[in-house]
Undergrad: 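I have a structure I would like to understand better, so I am pasting it below and will then ask my questions one at a time.
Note on naming: letters A, B, ... go to the chains in the order of the sequence lines (proteins, then strands), and numbering restarts at 1 for each one. Everything numeric in this text was worked out from a predicted model, so none of it was measured.
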2 protein chains.
Amino acid sequence: MSERSRPVTIADVAALAGVSRALVSIVLRGVPGASPANREKVLRAAAELDYHPDQRARLLGAARSRTLGVVHDLRRAYQGEVVEALYASVLDGAAGGDGWRLVLEPTGSRRPEAVALQALLDQRCEAVVLVGPTSAKAQLASLAARVPVVVLTRAVRGLDVDVVRTDDEAGARLATEHLLALGHTRIAHLHGGRAPGAAERRAGYGAALRRAGLAPELVAGGPTESDGESAAPRLLRPGGPTAVLAFNDACAVGLLAAARAGGAAVPRDLSIVGFDDSAAAALSAVALTTVGQDAAALAAHAVRRAVARAEDPRLPASETVVPPHLVARRTSAAPGASAG
Amino acid sequence: MSERSRPVTIADVAALAGVSRALVSIVLRGVPGASPANREKVLRAAAELDYHPDQRARLLGAARSRTLGVVHDLRRAYQGEVVEALYASVLDGAAGGDGWRLVLEPTGSRRPEAVALQALLDQRCEAVVLVGPTSAKAQLASLAARVPVVVLTRAVRGLDVDVVRTDDEAGARLATEHLLALGHTRIAHLHGGRAPGAAERRAGYGAALRRAGLAPELVAGGPTESDGESAAPRLLRPGGPTAVLAFNDACAVGLLAAARAGGAAVPRDLSIVGFDDSAAAALSAVALTTVGQDAAALAAHAVRRAVARAEDPRLPASETVVPPHLVARRTSAAPGASAG
DNA sequence: CCTCGGCCCTAGACCGTTCTAGGGCTAGAC
DNA sequence: GTCTAGCCCTAGAACGGTCTAGGGCCGAGG
């Protein structure tokens, strides 16, 4: 490979354009203070040299970094979707995120959240967005004392931290009403125990059933596929429910697999509704009716809050709740019917 | 929220420890040149102030950044796994990546690869790792002229670019031999057309069948679920194949859904094998037999090559091929048998 | 006793930007 | 004709680190 040449600096551009470095900076940042003639000369010189400012120096010199730190878990595909939506929010500036950079610090099996958070602080982010954080409250609190924090898709109470999350209660109500509308009268909820959001989903399910004058049937499940699988015998009994709202998609998929393995037809013998609209739910071999979170809205609100509190740190923390929507696929139908 | 205080700088630590800034730098970087007594004093002062060096300044001042840029697609869950493995490689230093940082620049629907690449260059990375890049050859070539490039999970020929990829041919051979060992004699390949890796997989399939003295049956498929679904009628005909090797998991899942919808039992009437061992394949409701890529090995080789070529740019580019492995689940069995 | 080499340590340059303070010029107001 | 306001532009400091060059000190060798 040929010797790679020294990167072009602002001084090179200034020399070629015959102006000072400061003026180049003014022109390239697009701020007022340069004559049209010089603006033209600088832009031409920058283009000719293929100049791209060194981000390290730019951020060091600037008073503000306009950088949003993002922490997400590489193992959770849905968080990838949310992060993608964060980029979209910053790019189109709809949430006031115009001109802001995003810096990703992922977590994973070998990289705990604390490491990612410190890495963000070391980059002097002006605010951080945590997607589904798992840190203890005390850690979040100490982070919040240093930088504005927005927590996404997790309810956190009693901390000086912004929260943007899906309305789990409304989602569970929506799903339950969908099953009621299909004509089900025996609807069970395979609930998530103490998992985040589980209490809200139980409440939404209960409220919908109460309003319909029906008795709730709660069955202990959990957030994983095997939770769904192991609950199958308790649901697939004669005279059992004709429809189940599972805590989440993974749990629903586990139940679905166990039902099929046990010879039950879905949705004819049992309608199953999940929660999250994960990638798994959309697979043609699964086609799970589920409750979808609005990743774009979540991301837009997160960016809006993060930017707002970076601009004005005295702003109080707030909680934003985003309504979810039902995604009807092929695991729900009228009782006894074979198609949804 | 209370006023956030000015971040601690190296000068604060130096003042508290009663030494120069340079000595603090020496101690905290762990290089020789400080007496044990001063070392102790500096460490104590840094701990007391909770000092963490500003990465922007550190990278700007240092001669080398020891930073590896990573580009990946947020929408592809498997790439997340690979990136996680990259972090593991850098953390345990097994691949010579000790002391190297990783910087993520994701791509997505609103963020094309070119943007991510430029962002990495702007941070003056010493080398970049591209996970499944989609850029045109010319773009990769111009990138490779500026910085050492390692391409992961894609075959790229004729460029000064390192390639680390799974041995697709061996994987397809492995899968085909698995079906042969189960007793199948009519094995079709739902191939991927011109998709990356498709040619190699066809070759491996063909080689295994030839060695067994059987005739190959190639059916046109593709990389998506709907490719698999639409191919179903051509495969589920009377006297058709008893087993199918699909181009990838998505294609296999599509075929699986269509087969079930058409009343065929998998694996009794048709064994299906995928490729990639994606998250979808592992779902209990899918349980797809498939060919798994070794993300840890891919990542380790990528880091090793990236670091090596960053250290010595004259090193020629090379291609590393990592052997895959078969993951037997429940979509493959002997012809006519109902369990794998 | 003087010199030399090695170890510690520091002053100050440097990295590539942004930003502040101020200078020169022109035009309009008085 | 001066004063002033405003626009352009630049020199140089600043950001917070790293790195280079060199100074002080101490012990060993001549």
Undergrad: Starting the side chain at C-beta, find the nucleotide from D:dG17, C:dG16, D:dC19 nearest to B:R29.
TA: D:dC19
Undergrad: Would you call B:E81-B:R76 a salt bridge at under 4.0 Å N-O?
TA: no
Undergrad: Rounded to the nearest angstrom, tell me the gap between atom CG in A:L23 and atom C1' in C:dT20.
TA: 15 Å
Undergrad: Check this for me: does the side-chain of A:R21 come within 3.5 Å of the base of C:dT17 through a donor and an acceptor?
TA: yes
Undergrad: So, are A:E319 and A:R165 salt-bridged, with charged N and O less than 4.0 Å apart?
TA: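 A salt bridge is present here (some side-chain N lies under 4.0 Å from a carboxylate O).
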Undergrad: Closest to the B:A22 side chain: D:dG12, D:dC8, C:dA11?
TA: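 Nearest nucleotide to the side chain: C:dA11.
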Undergrad: Taking the nucleotide of DNA chain C with the nearest heavy atom to each, does B:A57 or B:G33 sit closer to the 5' end?
TA: B:G33
Undergrad: Can a side chain N or O of B:S20 be found less than 4.0 Å away from OP1 or OP2 on C:dA11?
TA: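 For C:dA11, OP1/OP2 do not have a side-chain N/O of B:S20 under 4.0 Å.
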Undergrad: Look at the side chain of A:N38 and decide which nucleotide, out of C:dT18, C:dT17, D:dC8, has an atom nearest to it.
TA: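 From the listed options, D:dC8 comes nearest.
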Undergrad: Check A:R44 with A:E48, please: is the shortest side-chain N to carboxylate O separation under 4.0 Å?
TA: no
Undergrad: Roughly how many Å is it from CZ in B:R58 to C1' in C:dG16, rounded to a whole number?
TA: 18 Å
Undergrad: Name the nucleic acid region contacted by A:A34, choosing base, sugar-phosphate or nothing; use a 4.0 angstrom heavy-atom cut-off, strictly under.
TA: sugar-phosphate
Undergrad: Write down the distance between OH (B:Y51) and P (D:dG16), rounded to a whole number of angstrom.
TA: 10 Å
Undergrad: May I ask you to say what A:A62 touches in the nucleic acid, namely base, sugar-phosphate or nothing, with a heavy-atom cut-off under 4.0 Å?
TA: sugar-phosphate
Undergrad: Could you check how far CG of B:L60 sits from P of C:dT18, rounded to whole Å?
TA: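 Taking atom P of C:dT18 as the reference, CG of B:L60 is at 12 Å.
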Undergrad: With respect to the phosphate group of D:dC7, does any side-chain polar atom (N or O) of A:S35 fall under 4.0 Å of OP1 or OP2?
TA: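 No, A:S35 has no side-chain N/O under 4.0 Å of OP1/OP2 on D:dC7.
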Undergrad: State plainly whether the residues B:R110 and A:D92 are in salt-bridge range, i.e. N to O under 4.0 Å.
TA: yes
Undergrad: Do the side chains of B:D12 and B:R21 get close enough for a salt bridge, i.e. N-O under 4.0 angstrom?
TA: no
Undergrad: Could you state the atom-to-atom distance from CG of A:D122 to P of D:dG16 in whole Å?
TA: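 In whole Å, D:dG16 P and A:D122 CG are 14 Å from each other.
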Undergrad: To the nearest Å, give me how far apart CZ (B:R56) and P (C:dT18) are.
TA: 13 Å
Undergrad: Think B:T9 has a side-chain N or O under 4.0 angstrom from the OP1 or OP2 of D:dC15?
TA: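 No.
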